[in-house]
Amino acid sequence: MTIEQVVQEAESLGLQQIQFLYVDNGGTIRGKVSSLRKLKSHMTGGIGLTPAMQAMNMMDELQPVPGIGPVGEVRLVPDPESFRVLPYLPRTASMMCDMLALDHGPWALCPRSFLKRQVERAERLGFRIMSTYEDEFTLARRTEDGHWEPLDDTLCFSSIGMAAGHPVIADIMDALEAQKIYPEQYYPELGHGQHELSISPTDILTAADNQVRYRETVRAVAQSHGLVASFAPKPWADQAGNGAHIHFSVWDKEFSRNLFWDAGDPYRLSPLGYHFAAGVLRHLPALVAITCASVNSYRRLNPRSWSSAYTAFGPDNREAAVRIASTFWGNEEASINLELKSSDSSGNPYLALGALLAVGLDGIEHQWQPSAVVTVDPAEMSEEERVEAHIERLPATLSEAADNLAQDEALKAAMGPALHEAYLLVKRSEADHFRGQDAVYELQHHFQKF
Ligand code: GLU
Ligand code: MG
């Protein structure tokens, strides 16, 4: 769509508000709203934003990022292609934004521009990337004493859970579809109030945009049912965590051939797929600082939680960080993909998918090989067996993950030093904020943030 087409459609629908959305370094979705009257000028020139917003952590505490203070301005410039009328808000649409510097170029700290740079890097190698998030979320009610109780305490995949979730899930499915996000599969998950609704893959930039819309939609529709939807990685300490596994595959430039497919491989994965996986596994202890981006994330990443706790690689291994997903019957070639389980919805999807692509391309460029596939739960192996198989325990805290990211030269080069530094300052400040606080405080402040 062009700017003119968007403005025309907004006028013909009589829209009142057009949201200009972005995601910050703390994983919070934020934005500003244009009136219809000013839409054309805001789309052309952007809406002004203080650079300080990219120095803000998830508690709205401003961090001392060098060069960022009260002075200066960047512009939120929406991508017209991302224009969607919001089915859950009257007379409102949204668009996803890049942050441009006043010289009209991408600002060094713009997360969406970072993902676009990685997409361009892949395209220079002749690749396009197909991806989607597979989100789990928790539906809850606010209790009179200000806490949350799960919508249901039914069993995993139980039809009683389906019945409990049905009214809200039906509306979520409709609302996603109306925004060209296509639901594929739904079920009540293991945790109390936990539901999982997967959506179709798209090109990787759209996948990041869709993850923003998905979080927005699920929260808003739940609210219209008098519920709260939580994307906290571990909304309750004693219940299953909310993962947001990332599925991805590398395709040719026309999206006509899945380059992860190899009929001759025991798991149908091509050498390119193994190289990509090797890049992810090698950088994973640093990558999780971005894909498992909150303090609460590390309560989820524990052994025997099916969320991945080790840098393991395996076919259909639900305890492996990187899983080779078995193919769908009748659609083998297109459906071969890798799944990153060490990922949740508390982060910035542009940074997460950009970083995932960066480390995958690193693996491809170096032609790395992953260590042997693991077909058991890595937690059941002895420490010696894990060392021999090059399996490491993932970081136990956000600050440990941030230390790894600080030392990861490939991710630093891909992000650029300014984004890398700002991101680390924000993440370390969040780790500091929650250090010494109890679990109740941590859960309370993550429950409704994402
Ligand atoms: N809830 C698990 C997680 O935290 C995933 C369970 C599954 O879908 O296999 O990632
Ligand atoms: Mg699941």
Side-chain angles (χ1 to χ4, degrees), residues 27 132-140 150-158 161-162 165 169 172 183-201 211 214-215 218 229-248 280 284 287-288 290-326 328 337-347 349 352 356 374-379 393-396 398 401 442-443 446-447 450:
T132 187
Y133 274 92
E134 179 194 301
D135 286 274
E136 296 166 332
F137 53 88
T138 299
L139 295 174
L151 169 69
D152 63 276
D153 55 3
T154 58
L155 306 179
C156 187
F157 305 165
S158 89
M162 280 179 210
I169 298 297
I172 290 171
E184 291 203 336
Q185 213 184 113
Y186 158 74
Y187 38 84
E189 255 281 7
L190 177 64
H192 290 172
Q194 193 180 40
H195 297 260
E196 173 172 332
L197 174 62
S198 59
I199 56 170
S200 297
Q211 171 69 351
Y214 186 104
R215 281 162 52 179
V218 170
S230 175
F231 283 94
K234 196 81 169 172
W236 285 294
D238 62 347
Q239 291 291 317
N242 286 323
H245 306 166
I246 304 172
H247 290 264
F248 54 95
V280 176
L284 196 55
L287 180 68
V288 287
I290 304 176
T291 57
C292 298
S294 66
V295 167
N296 187 240
S297 296
Y298 294 83
R299 206 176 275 283
R300 167 179 169 259
L301 284 188
N302 271 302
R304 300 186 181 87
S305 308
W306 293 29
S307 57
S308 79
Y310 296 93
T311 60
F313 174 57
D316 283 339
N317 186 340
R318 287 177 173 77
E319 283 289 357
V322 179
R323 168 171 90 106
I324 311 172
S326 53
F328 298 136
N337 73 90
L338 294 173
E339 176 186 37
L340 176 66
K341 289 190 150 267
S342 326
S343 165
D344 63 50
S345 287
S346 65
L356 173 65
V374 179
T375 51
V376 296
D377 179 350
R393 179 73 173 89
L394 288 174
L398 180 60
E442 176 200 308
L443 302 179
H446 286 78
F447 201 86
F450 313 107

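No hydrogens, no waters, no symmetry mates; every other heavy atom, side chains included, goes into these values. Both counts, for ligands and for their atoms, begin at 1 and track the order of listing.
The shortest contact between atom 2 (C) of ligand 1 and any protein heavy atom is with Glu136 OE1, 3.5 Å. Ranking the protein heavy atoms by distance from atom 4 (O) of ligand 1 puts Arg300 NE, 2.7 Å first.
No side-chain heavy atom of His245 sits less than 4.5 Å from a side-chain heavy atom of Ser343. Side-chain contact check for Thr291 versus Asp344: every heavy-atom pair is 4.5 Å or farther apart. When side chains are defined from C-beta on, Arg299 counts as touching Leu443, because their heavy atoms get closer than 4.5 Å. Inter-residue side-chain proximity for His247 and Arg323 is flagged as met; some heavy-atom pair is nearer than 4.5 Å.
Every atom of ligand 1 with a heavy atom of Lys341 under 4.0 Å away is listed here by number and element: 9 (O). Remark: ligand 1 atoms within the under-4.0 Å shell around heavy atoms of Glu196 are 8 (O). Near Glu189, meaning under 4.0 Å from any of its heavy atoms, are these atoms of ligand 1: 6 (C), 7 (C), 8 (O).
Side-chain contact of Ser297 with Ser346: a donor-acceptor pair under 3.5 Å is present, judged by distance alone. With no hydrogens or angles considered, no side-chain donor-acceptor pair links Glu189 and Asn242 at under 3.5 Å.
Considering both main-chain and side-chain atoms, Asn242 never comes within under 3.5 Å of ligand 1 through any nitrogen or oxygen pair. Looking at Gly241 next to ligand 1, an N or O pair under 3.5 Å apart turns up. Ligand 1 has a nitrogen or oxygen under 3.5 angstrom from a nitrogen or oxygen of His245.
Between Phe231 and Phe137, the ring-plane angle classifies as tilted under the 30° and 60° cut-offs.
Contacts with ligand 1 closer than 4.0 Å are made by heavy atoms of both the backbone and the side chain of Ser307.
The name of the N, O or S atom in Glu196 nearest to the Mg ion (ligand 2) is OE1. Looking only at its N/O/S atoms, Glu189 has OE2 as the one nearest to the Mg ion (ligand 2).
Residue contacts to the Mg ion (ligand 2): Glu136 brings an N, O or S atom closer than 2.8 Å.
To the nearest 0.5 Å, the span separating OG1 on Thr132 from CD on Glu184 amounts to 7.5 Å.
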